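On a predicted model such as this, the values are computed, not experimentally measured, just so you know.
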Amino acid sequence: MFSACALRVSPIPHLCDVIVGAKSLFVRRDFVSRVRFAEVGSRRGRSWVGVRAMGSVPADFSKPRKVVKKVLSQAQPEGDGATVRRSIGRPELKQLDPFLLLDYFEASGPAGFPDHPHRGFETVTYMLQWMTAGRGIVHSEMPSPVGVQRGLQLWVNLAGKDKMIEPNYQELKAKDIPRIEKDGVEVVIIAGESFGVKSPVYTRTPTMYLDFYLQPGASLHQAIPEGWNAFTFVLKGSMVFGKEDAPPIGPSHTVVLSDGDGLSAWNKGTEPAQFVLVGGKPLNEPVAQYGPFVMNTQAQLMEAVRDYQYGKNGFERAHSWRSEAKAQSTP
């Protein structure tokens, strides 16, 4: 089973989908909405010093989360002419249960990630696309031919009982994705809850995925379920996490957080900052992985490979199906 979600971080109009369980979420981030984001990011003359935005609970956490590890994403080639910067999935941070991989990617057409299979996990491509592969799916992730496309892809493991469910999609318009702005903080609630507002996106593995924009001097305090693993990834500017006197952390860093019931964060820089906060309930199950196949045992893993090779158990159309991008590139 597989799921994928992507959030678009470039201002190019684009239609992308989110696939959760067997449901796909299609999100159009039109030019108007991106102009609004551009305006938010350009308020350089406005100061938010001393202002605190509350997420789900007050700042008085009984067990505030702190930074326990910082990993700089490393660039590497991936797919067809694309470049990714990987953090989770590298030797320094092999996994963070239930998360298997985190890539920041840049690609411009015709580069991208052509037809490829998945089984046993969910993928979140922050552009926005959420997809659950279930027992098997083959898909393509090719960017618009206009401009450089940027985003994040997160792999979220599925429990053993869910790895062979049918792939599903849920459809949702961009206007249906909650977006809150208060006291110099803007948040796009991809999954989970913030500022008392819940996302309509269903995730089979309990997950929160929040995209925060902070003006200079702004701060926030966001609740995170205790016992969940959580991390942040800085996309723009620099952020201080956990303690107000901690050193700032710049772009392309994945920050692993300690356990606790909430995170405090501050933008102490002179420019707007953007980061995503991701958390998930650990599965505490064994992981057997071979490329895009993630199961619990080596025997299940070999079965997944055979199913793909022989076109069965979810991969019946794997060798005859062609994405539109693939069809256009094939003579």
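- Here salt bridge (Lys or Arg N to Asp or Glu O under 4.0 Å) pairs that include residues 279-303, with residues two or more places apart or in two chains, number zero.
- With hydrogens and angles ignored, the 3.5 Å screen pairs no side-chain donor or acceptor of Asp211 with any backbone N or O of Val188.
- Follow the hydrophobic side-chain contacts under 4.5 Å out from Leu101 and you never reach Leu283; the two are in separate clusters.
- Partners of Pro64 by side-chain contact (heavy atoms from CB on, under 4.5 Å), not counting sequence neighbours, listed by chain and number: Phe61, Lys66.
- Between the side chain of Ser194 and the main chain of Ile189, no donor-acceptor pair closer than 3.5 Å is present.
- Listed for the Glu271 side chain is no donor-acceptor partner under 3.5 Å among the backbone atoms of Ala273.
- In this view, Asn267 satisfies the side chain to side chain donor-acceptor pair (under 3.5 Å) rule with no residue, not counting sequence neighbours.
- For the pair Ser73 (side chain) and Ser252 (backbone), a donor-acceptor distance under 3.5 Å is present.
- Each ring-ring contact (aromatic ring centres under 6.0 Å, His included) pair with one or both residues in residues 244-264, not counting sequence neighbours, would appear here, but there are none.
- Pairing each heavy atom of Pro178 with each of Pro200, the nearest pair is CD-CD, 3.6 Å.
- The same ILVMFWY cluster, assembled from side-chain heavy atoms under 4.5 Å apart, contains both Phe195 and Phe275.
- In this structure Arg85 satisfies the salt bridge (charged side-chain N to carboxylate O under 4.0 Å, His left out) test with no other residue, sequence neighbours excluded.
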Compile the donor-acceptor pairs under 3.5 Å between side chains in residues 225-233 and protein atoms, sequence neighbours left out, one pair per line.
residue: Asn229; atom: ND2; partner: Asp97; partner atom: O; Å: 2.5

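- A donor-acceptor contact shorter than 3.5 Å is absent between the side chain of Ser258 and the backbone of Val68.
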Test log, rule side chain to side chain contact (heavy atoms under 4.5 Å, CB included), inputs Asp307 and Arg119:
CA-CA 10 Å; Asp307 285 347; Arg119 174 180 283 182; 2.9 Å; yes
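- Rounding to the nearest 0.5 Å gives a distance of 8.0 Å between CD of Glu181 and CD of Gln215.
- Interatomic distance, Met208 CE to Glu193 CD, rounded to the nearest 0.5 Å: 9.0 Å.
- Among pairs with a residue in residues 239-248, those fulfilling salt bridge (Lys or Arg N to Asp or Glu O under 4.0 Å) read Glu244-Lys268, at least two apart in sequence or across chains.
- A distance of 7.5 Å separates CG in Leu154 from OG1 in Thr207, rounded to the nearest 0.5 Å.
- Residues Tyr290 and Met302 do not share a hydrophobic cluster, clusters being chains of Ile/Leu/Val/Met/Phe/Trp/Tyr side chains in contact below 4.5 Å.
- Minimum interatomic distance between Asn157 and Thr205 (heavy atoms only, all atoms of both residues): O-OG1, 2.7 Å.
- No side-chain heavy atom of Thr270 sits under 4.5 Å from any side-chain heavy atom of Pro216.
- For Pro248 against Val240, the heavy-atom pair with the smallest separation is CA-CG2, 3.9 Å.
- No donor-acceptor distance shorter than 3.5 angstrom exists from the side chain of Lys236 to the backbone of Tyr213, with no hydrogens or angles considered.
- The heavy-atom pair separating Trp155 from Gly291 by the smallest distance is CZ3-O, 3.7 Å.
- By the 4.5 Å heavy-atom criterion applied to side chains, Val197 and Val187 are not counted as neighbours.
- Under a hydrophobic clustering in which Ile, Leu, Val, Met, Phe, Trp and Tyr are joined whenever their side-chain heavy atoms come within less than 4.5 Å, directly or via other members, Val305 and Met295 fall into the same cluster.
- The heavy-atom pair separating Phe241 from Leu263 by the smallest distance is CD2-CD2, 4.1 Å.
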Any chance you could lay out the side chain to side chain contact (heavy atoms under 4.5 Å, CB included) test for Val278 and Leu102, step after step, and finish with the verdict?
CA-CA 11 Å; Val278 182; Leu102 178 68; over 6 Å; no
Could you walk me through whether Ile190 and Ile177 pass the side chain to side chain contact (heavy atoms under 4.5 Å, CB included) test, one step at a time?
CA-CA 7 Å; Ile190 309 305; Ile177 300 291; 4.2 Å; yes
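- One distance of note links CH2 of Trp266 with CE of Met239; it measures 9.0 Å at 0.5 Å rounding.
- For the pair Phe99 and Thr254, the minimum side-chain heavy-atom distance is 4.5 Å or more.
- Under the 4.5 Å side-chain heavy-atom criterion for ILVMFWY residues, a single connected hydrophobic cluster contains both Val256 and Val276.
- The shortest non-hydrogen separation linking Leu72 to Pro251 is CD1-O, 4.2 Å.
- Every residue two or more places apart in sequence or in another chain that forms a salt bridge (charged side-chain N to carboxylate O under 4.0 Å, His left out) with Arg90 is listed here: Glu92.
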Take Val294 and Lys163 through the side chain to side chain contact (heavy atoms under 4.5 Å, CB included) test and state the conclusion after the steps.
CA-CA 9 Å; Val294 182; Lys163 288 185 179 294; 4.0 Å; yes
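- Sorted by first and then second residue, the salt bridge (Lys or Arg N to Asp or Glu O under 4.0 Å) pairs with a member in residues 249-260 read Lys63-Asp259, Arg65-Asp259; sequence neighbours excluded.
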